Every structure is written in structure tokens, then in C-alpha cells.
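Here's the structure, in C-alpha cells; my notes come after.
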Amino acid sequence: MVRVYYNTTIYFRRTLMQIIEKTLENIFLQTITKIYPKLNSAEKLFIQKTHNQKFGDFQTNFPMSVAKIIQENPRTIGQTIIDNLETNHLIAKCELAGPGFINIFLKNQFLSDHIKQIDIQPWDFSFLPRAGQIIIDYSSPNIAKPMHVGHLRSTILGDTLKRIYRYLGYEVVGDNHIGDWGTQFGKLIVAYHKWLDKDNYKKHHITELERIYIKFANEAKKNPELDDQARAELKKLQDGDPENTRLWKEFVKVSLDEYEKTYQELDISFDTVQGESFYHNSMPDMVKLLLDKKIAQIDQEAVVVFFPESENLHPCVIQKKDGAFLYATSDIACLNFRKNNYKVNKILYIVDERQQPHFKQVFSIIKKLGWNLDSEHIPFGFISFSGAILSTRAGNVIKLEDLIAEAIKRVKKVINTKNPQLSTEEKNQIAHVVGIGAIKYADLSQNRTSSYDFDWNRMLAFDGNTGPYLQYTYARIQSLIRKSKTRTDFEPTANIILDTDTEKNLCLNLTLFPQVLIKTMEAHKPNTLTEYLFELAQKFNTLYNSMPIIKETSPVFSSRLIICQKTAFILKTGLNLLGINVVDRM
RNA sequence: GCGCCCGUAGCUCAGUUGGAUAGAGCAACGGACUUCUAAUCCGUAGGUCAGAGGUUCGAAUCCUCUCGGGCGUACCA
């Protein structure tokens with residue numbers, strides 16, 4: 001690390017690793033602006049990894065993408081660019097290929113030097129628009145209901161995005177927007193007085209609250225009068241009735257305590273927990289504001305926002321005829337709060353795809369208000385079970401705590417056959433890390449937009465493209481590193497030998513990590529990252545199975561061990577960004 | 001009815017400025033452990049990218065239509 005002190009502004013600057021794709025883009029851009037000064041198409045320039053070694057290491061299709069604008073043959077453009085490229089320290093040669101691809105071959109020396117810097121210097125992400133804060137709304141369980149696999153996606157998606165944004169240098173606020181206000185509390189209060197089993201409640205708060213909630217739903221079908229009672233209790237709560245307020249606070253507290261256990265098991269944390277109730281007091285102001293600005297109007301005794309036909313949205317009720325507020329109202333109030341209390345870069349809502357119309361409505365309303373907030377709904381497909389939608393009331397949920405327990409149980413079984421000599425304590429620790437890893441990876445490796453049917457064997461698989469596979473690869477490397485500790489012939493600064501396709505492939509893959517992170521962040525799709533890590537692990541395992549590492553002597557031994565260290569670093573860093581930990585043996 | 005999402009190998013799915021021969025995992029079949037952890041690796045087989053048209057140098061990707069599936073459709077969240 002090099003520290004440079006300046007006179008005017010006192011700060012230190014570390015030497016940062018440049019991202020290869022960006023460096024190449026800069027080199028090409030220099031040449032392109034020189035040859036085609038009028039061409040304002042820098043955004044069309046993308047350098048990407050080739051999918052086949054015969055096409056070089058990286059490539060660009062820039063000539064084809066601008067051929068029409070320049071009105072020249074793409075091959076001519078490509079050749080002109082290649083001929084005018086200034087010599088530099090990273091490109092060995094460029095080839096024109098096919099209809100107008102430019103294939104780029106890197107210098108081995110550059111690649112070797114570059115890889116050696118991995119885990120020594122951090123990458124330079126300073127070109128990203130990082131001003132302000134990224135606010136991420138995720139997890140958001142409903143009070144008094146157990147967290148089930150349906151909450152998994154929002155929770156770990158949000159957590160992963162939070163980690164990735166932070167790693168890229170953004171300031172992030174993770175907000176658990178809990179469902180702690182609304183109609184279910186009227187029902188719960190009625191059910192609490194009628195059916196609560198106090199012993200059960202003491203033993204397991206949420207299980208009992210869930211039971212009486214389901215009972216209420218069933219009883220109300222037979223006896224609609226219960227719904228009226230629930231509405232009355234809700235009204236009392238909203239009007240500040242002391243007894244109902246006390247009960248409500250109790251429900252919230254016991255629920256949060258319970259969720260906290262699951263969050264700890266999953267290694268999930270939040271920066272703020274501000275549920276719907278937090279915004280309750282400001283909701284009347286929101287309604288008034290929208291009425292004053294003539295954005296909302298009174299229709300059939302309710303306060304409603306209508307949208308132009310082109311937006312294809314249903315009217316949005318922001319206050320019911322009985323005076324109660326709704327989900328949309330609280331989201332508007334929440335946005336108002338964020339506008340006033342944060343310097344917003346972007347707001348992300350990690351909520352399932354069925355709520356897409358709701359967010360369109362809310363975003364349309366704040367646009368009418370002239371609030372300049374970059375808000376984005378990050379939708380994901382929902383999880384069903386045997387084709388049915390998971391629902392607390394229907395009672396077909398799989399609780400997160402049960403899923404976690406089953407995962408740990410299954411991992412233990414494998415450890416006992418593979419590594420029975422490990423201590424019980426270590427077995428437990430490994431089982432926990434690997435079990436959680438399997439669950440998180442199973443979900444994150446799926447494209448978030450697709451819905452899927454929950455399947456125990458699929459979610460808890462340990463072979464193939466799974467979390468345990470990546471953790472296993474990491475553990476294998478750690479084993480090599482342990483065994484190399486006593487070696488005296490290790491040269492940490494040795495050149496990396498890139499003579500075989502196996503070694504070169506793996507090394508090239510190592511360099512892609514920072515760009516993959518950017519891509520993952522931009523599309524908000526963690527499966528981009530899982531896919532990359534899986535490929536990296538596969539390439540490592542190919543090397544591991546086809547060539548000796550610690551059985552070699554230096555310089556080959558040193559070169560391969562350095563590759564191992566760097567691979568382990570990327571695997572660990574990548575897995576940690578997915579919220580998955582690693583173990584040194586398993 | 002209208003709106004949104006989806007249809008890719010036997011199964012589950014990747015595939016985001018439109019790029020070269022559409023890829024993985026699982027399952028199947030054949031092979032590699034007295035050798036750095038076989039939760040691994042190597043190989044074989046498997047495709048009308050739902051169908052039809054269009055846009056162009058080039059389409060799984062963009063546009064139109066048809067068929068099939070899921071979800072949503074103002075006073076729940």
C-alpha cells in the first residue's frame with residue numbers, strides 16, 4: 001500500500017487496482033476519439049470476455065455497432081482502430097475477426113502482475129455514481145406471523161444487494177419495513193381475548209398468535225360479526241386506547257424478538273427497523289397534501305388518486321371511507337420521510353412481483369408531487385408449495401426455522417460420513433455454515449424474477465451448482481495452503497505461469513470479479529454473481545484434478561499456490577457478498 | 001375483458017448494449033480415489049429456444065399475431 005500525502009487536502013490514497021475491462025475501454029476510447037472525433041458513441045463501446053479462447057481473451061463488437069453511423073464497413077473500421085492503437089502494457093495483440101469483432105490478447109506478464117495484486121490492492125470503483133445513500137427496503141415480515149420460506153427471498157436478496165452496494169463503496173441503509181400496523185391487529189386482539197392459550201403463548205409466542213389468527217379467520221367465515229368486532233378493536237387501537245396499544249406493542253415486541261433469532265442464524269442485520277406504524281401520524285398530512293394539490297379527489301366517500309389512461313393503472317385509494325389509511329398511504333408517507341431525512345441516491349424495494357401495480361401507483365403519485373426520488377421496485381417471483389401459494393391462514397407454510405434445522409441436520413449427516421474424526425463442536429459449526437450456505441445459494445442462484453415451487457431436496461442439495469460445492473472448493477484450497485505452511489521454497493512474488501489452458505482459463509476468470517459485481521448490482525441479480533463463482537470453482541477443480549500443486553517444486557509450485565490463494569480470496573469475498581460464510585475444512 | 005410476468009435438453013434452470021458453434025446442474029450411460037478432501041473431475045448422449053411472420057450483416061434476445069401457463073385486477077398488505 002502506498003500512502004500519498006498532499007499539502008492542501010490531507011488524505012491518503014491507496015493504490016487501487018484498475019478493472020481490466022475499464023482499462024481496455026479507456027485505451028480503445030482514446031484511439032476512437034482520435035480517429036472519429038465527431039462520433040459521440042462512447043456508450044456503444046463495451047469490452048467483454050470472450051467465450052472461446054480462439055477469439056482471444058477479451059473482445060469488442062464496437063465496429064459493428066457503429067458501422068451504420070459512420071457509414072463504413074465494420075471490418076474497415078475495426079482494422080483502422082487496430083492500426084492506430086497505441087502500444088501499451090497490457091495488450092499483446094489485437095485481431096480483426098468475423099464480420100467485425102476485435103479480439104484482444106493480453107500480455108502474459110500483465111496478467112501475471114495483475115493477478116498478484118488481487119487481495120493486496122482493492123479495486124477502483126470510484127467511477128460509480130456513489131453520492132448519497134442507497135436505501136433498501138427488504139424482509140418486511142408481518143407481525144404475529146412466523147417467517148416462512150416466502151420471506152426468504154426478500155430477506156436474502158436485500159441483504160445481498162446491501163452487501164454488494166457497500167463493497168462497491170456506496171453508503172447503504174438497510175430498512176426492515178415491518179408490517180406492524182393494519183387490520184390484522186383488530187383480529188388478533190379479538191382472538192387474543194377469546195381463544196388465547198396462555199401456557200402455549202408463554203412457550204412460543206408467535207406459534208400461539210398464529211394459531212389464534214388462523215382460528216379467527218376460520219371462525220369469521222361462519223360468523224361475520226367477528227369482523228365487525230375486529231374493526232371496532234382496530235379503531236380503538238388507532239384512537240390510542242391504552243389497553244389495545246399495550247397489546248399491540250406486546251405483539252410487535254415478541255414478534256421482533258423471535259425474528260431476531262432467525263436473522264441471527266441467517267447473519268442478517270438492518271440499519272433501521274421502521275414499520276408502517278412509524279409513518280402513521282404523518283398519513284393525514286399526506287392525504288391533505290394530495291387533496292390540496294388536486295392529485296387526489298373524493299370518490300364514493302373515499303380519497304382516491306386517478307391515473308391517466310396511458311398509465312394503465314387502477315385508481316389508488318389512499319383513505320378508506322371509514323377514515324382508515326392504506327398500504328399506499330404509508331408508502332407515500334415513508335417516501336416523504338426519506339426525502340426529508342436522507343440524501344437519497346436510490347431507493348430499492350425488494351418485494352414480490354405481485355405488488356408491481358402497487359409500486360407503479362405509488363411512484364406515479366410521487367412523480368405528480370414533483371418529488372425527485374429515484375425509486376425502484378425490485379420484484380421477485382414468489383415461492384409456492386405443491387403448486388399452492390403459501391399462506392399463513394391456509395396453514396401450508398414452511399417456517400424458516402424448520403428449514404434451517406433440516407438443512408443443518410442433513411449437512412451433519414454428510415459430515416459424519418466424510419469427516420467423522422472432526423470434533424463435535426467443529427461439526428456443529430460447519431453444519432451451520434454449510435446448511436445456511438445451501439439455503440441462501442439455492443435461492444440466490446435462481447434468477448430472481450422466476451417463481452418456483454419449494455422443494456426440500458432441491459433447496460438442500462449439496463452437489464453440483466450449490467453453496468456447499470463452492471464452500472468445498474474453498475476448503476480444499478485451505479487444505480493445500482495448510483500443507484504448504486512448512487515449505488521453504490515458496491516465492492510469494494513468483495511469476496504466474498500461464499502455459500496451459502487450464503491455468504490461463506482460471507486466471508482470466510479471476511480478473512472478471514469486479515466487473516461481475518458491477519453487473520450484479522446494476523441488474524440487481526445475484527445469480528449473475530453465483531454463476532460467476534460457480535464457473536470459477538469449476539475451473540479451479542479442473543486444475544486441481546488435472547495437475548499437481550504442492551507436489552511440484554518452485555517456480556511451478558509457487559505459481560500454482562498463488563493462483564490457489566487468489567481463487568480462495570475471490571471465492572470467499574464473493575460468497576460473503578452473498579451472505580454465505582466459508583469454513584477451512586468440511 | 002384489461003394489465004404484468006413467463007414458455008430454452010427427460011427434470012430444474014442460466015443466457016441485459018442483438019454477436020461467432022444456445023450453456024449449466026440434476027437424472028442416464030462410460031471412466032478416474034494405495035496419490036494435494038471423490039460434497040470432486042473427465043467423457044458420451046440429449047435442442048424446431050412454444051408456433052408463425054417481421055426488423056438486419058446477424059435474433060433465444062427487438063416488433064406483431066397465435067397457442068399454452070402463472071399472477072394481478074380501487075376502500076387487504
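The shown structure was predicted, so the numbers you read here are calculated from the model rather than taken from an experiment. The chains referred to below are lettered A, B, ... by the order of the sequence lines, with proteins before strands, and numbering in each begins at 1.
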Taking N or O atoms only and anything under 3.5 Å, show me the protein contacts with nucleotides 24-31 of chain B, one pair per line.
unit_1  : atom_1 : unit_2    : atom_2 : d
rG25(B) : OP1    : Gln538(A) : NE2    : 3.3

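By the salt bridge (charged side-chain N to carboxylate O under 4.0 Å, His left out) test, Lys288(A) is found to be paired with Asp292(A), residues two or more places apart in sequence or in another chain being considered. Residues forming a side chain to side chain donor-acceptor pair (under 3.5 Å) with Thr502(A) (at least two apart in sequence, or on another chain): none. Under the ring pair (Phe, Tyr, Trp, His ring centres under 6.0 Å) criterion, Tyr472(A) pairs with no residue, sequence neighbours left out. In terms of the side chain to side chain donor-acceptor pair (under 3.5 Å) criterion, residue partners of Tyr441(A) (sequence neighbours excluded) are, by chain and number, Asn465(A). Applying the side-chain contact (heavy atoms from CB on, under 4.5 Å) criterion to Asp489(A), with sequence neighbours excluded, gives Arg487(A), Thr553(A), Ser554(A), Phe557(A). Here Gln79(A) pairs with Asp83(A) under the side chain to side chain donor-acceptor pair (under 3.5 Å) rule; sequence neighbours left out. Listed by chain and number, the residues in a side chain to side chain donor-acceptor pair (under 3.5 Å) with Tyr544(A) amount to none (sequence neighbours excluded).
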Starting at the 5' end of RNA chain B, what dot-bracket string do you get if Watson-Crick and G-U pairs under 3.5 Å are bracketed, crossing pairs use [ ], other-strand pairs use | and unpaired bases use dots? (((((((..((((.....[...)))).(((((.......))))).....(((((..]....))))))))))))....
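If you check every strand for non-hydrogen atoms under 4.0 Å, Leu326(A) touches sugar and phosphate atoms only. Residue contacts shown for Ile143(A) are absent, as no nucleic acid heavy atom lies under 4.0 Å away.
Sorted by first and then second residue, the pairs that involve residues 323-335 of chain A and meet side-chain hydrogen bond (donor to acceptor under 3.5 Å, both in side chains), not counting sequence neighbours, are Tyr327(A)-Gln355(A), Asp331(A)-His358(A).
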Would you give a per-nucleotide map of nucleotides 54-61 of chain B, 5' to 3', where B means the base has a protein non-hydrogen atom under 4.0 Å away, S means only the sugar-phosphate does, and - means neither? --------
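Applying a 4.0 Å cut-off to non-hydrogen atoms, the residues of residues 437-447 of chain A that approach RNA chain B are Gln446(A), Asn447(A), listed by residue number.
Two residues, Asn61(A) and Ile550(A), neighbour RNA chain B, and the one matched to the more 5' nucleotide by heavy-atom proximity is Asn61(A).
In the model, Gln421(A) has a side-chain atom that pairs as donor or acceptor with a side-chain atom of Asn419(A) under 3.5 Å.
When each of rC41(B), rC36(B), rC71(B) is scored by its nearest atom to the side-chain atoms of Ser479(A), the top-ranked nucleotide is rC36(B).
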